[in-house]
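Structure first, then comments.
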Amino acid sequence: MMSHRNSDVSSEVEGEFTCADGGVPFTPGQDRACTVREVLDRVGGKWSIGILVAASNGPVRFTELERHIEGISRRMLTLTLRNLERDGLLHRTVYPTVPPKVEYTATPMALELYESLVALTSWAERHRRTIAEARTRYDAQHAG
């Protein structure tokens, strides 16, 4: 019997495997693609990019991230930080003060990713209007 602690590990069910996150089935030969997809899903998530970019510039506190990342709820920020820490992309430091001070810093692995994230966000900023215009044209052509 598998403990709850290990329940997120890919497991075999009737000759078919599932990815640890999301339970997407794959055949034994596809396990590498599954792992890559899981990693890309995590670092490319809606909130992860902003958090990783902010933490790559030095230690950042929860409230700073909450102000910096527009539209994120406290719960989603907490969950995303926890997942990034779990994946080894963030390091969480708790200082013994009252109230406790908590800082997040990017790990060397996350710092290696930083340049790519900045390039991706810069590309998105440069092309957001063009993409919005293309969507409007597409929707007008395919309406109804």
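Bear in mind the structure is a predicted one, so any value in this text is a computation, not a measurement. In what follows, residues are counted from 1 in the order of the sequence shown.
How far NE2 of His91 is from CG of Leu84: 14.5 Å, rounded to the nearest 0.5 Å. Of the inter-residue distances, the one linking Leu81 atom CG with Ile51 atom CD1 reads 4.5 Å to the nearest 0.5 angstrom. Here the CG-OG distance, from Leu117 to Ser56, works out to 7.0 Å after rounding to the nearest 0.5 Å. Rounding to the nearest 0.5 Å gives a distance of 8.0 Å between CD of Glu38 and CG of Asp41.
Residues Glu112 and Pro108 are not in side-chain contact: their nearest non-hydrogen atoms beyond the backbone lie 4.5 Å or more apart. The closest side-chain heavy-atom distance from Glu103 to Val60 is not below 4.5 Å. For the pair Pro59/Thr105, a side-chain contact is recorded, criterion being any heavy-atom separation below 4.5 Å from C-beta on. Under the 4.5 Å side-chain criterion, counting only non-hydrogen atoms from C-beta, Thr107 is not in contact with Leu90.
The backbone N or O of Val118 sits less than 3.5 Å from a side-chain atom of Ser122, completing a donor-acceptor pair.
None of Leu113, Asp87, Ile49, Leu120 except one satisfies the side-chain contact (heavy atoms from CB on, under 4.5 Å) rule with Val43; the exception is Leu113.
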Solution key, residues 63-78 side-chain donor-acceptor pairs under 3.5 Å, sequence neighbours excluded:
residue	atom	partner	partner atom	Å
Glu64	OE1	Arg61	N	2.7
Glu66	OE2	Arg74	NE	2.9
Ser73	OG	Met76	N	3.0
Thr78	OG1	Arg74	O	2.9

Donor-acceptor pairs under 3.5 Å, side chain of residues 136-144 to any protein atom, not counting sequence neighbours: which ones?
residue	atom	partner	partner atom	Å
Thr136	OG1	Ala132	O	3.0
His142	ND1	Tyr138	O	2.8

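Residues Ala106 and Leu111 share a closest heavy-atom pair of CB-CD2, 3.9 Å.
The number of heavy atoms from other shown groups lying within 6.0 Å of NZ (Lys46) does not exceed 12.
Pairs passing the ring pair (Phe, Tyr, Trp, His ring centres under 6.0 Å) check and including a residue from residues 108-131, sequence neighbours excluded, read Trp123-His127.
One hydrophobic cluster holds both Val53 and Met109 under the rule that ILVMFWY side chains link at heavy-atom gaps under 4.5 Å.
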For this session: Step by step, work out the side chain to side chain contact (heavy atoms under 4.5 Å, CB included) result for Val102 and Arg92.
Result: CA-CA 7 Å; Val102 179; Arg92 181 176 183 258; 3.7 Å; yes
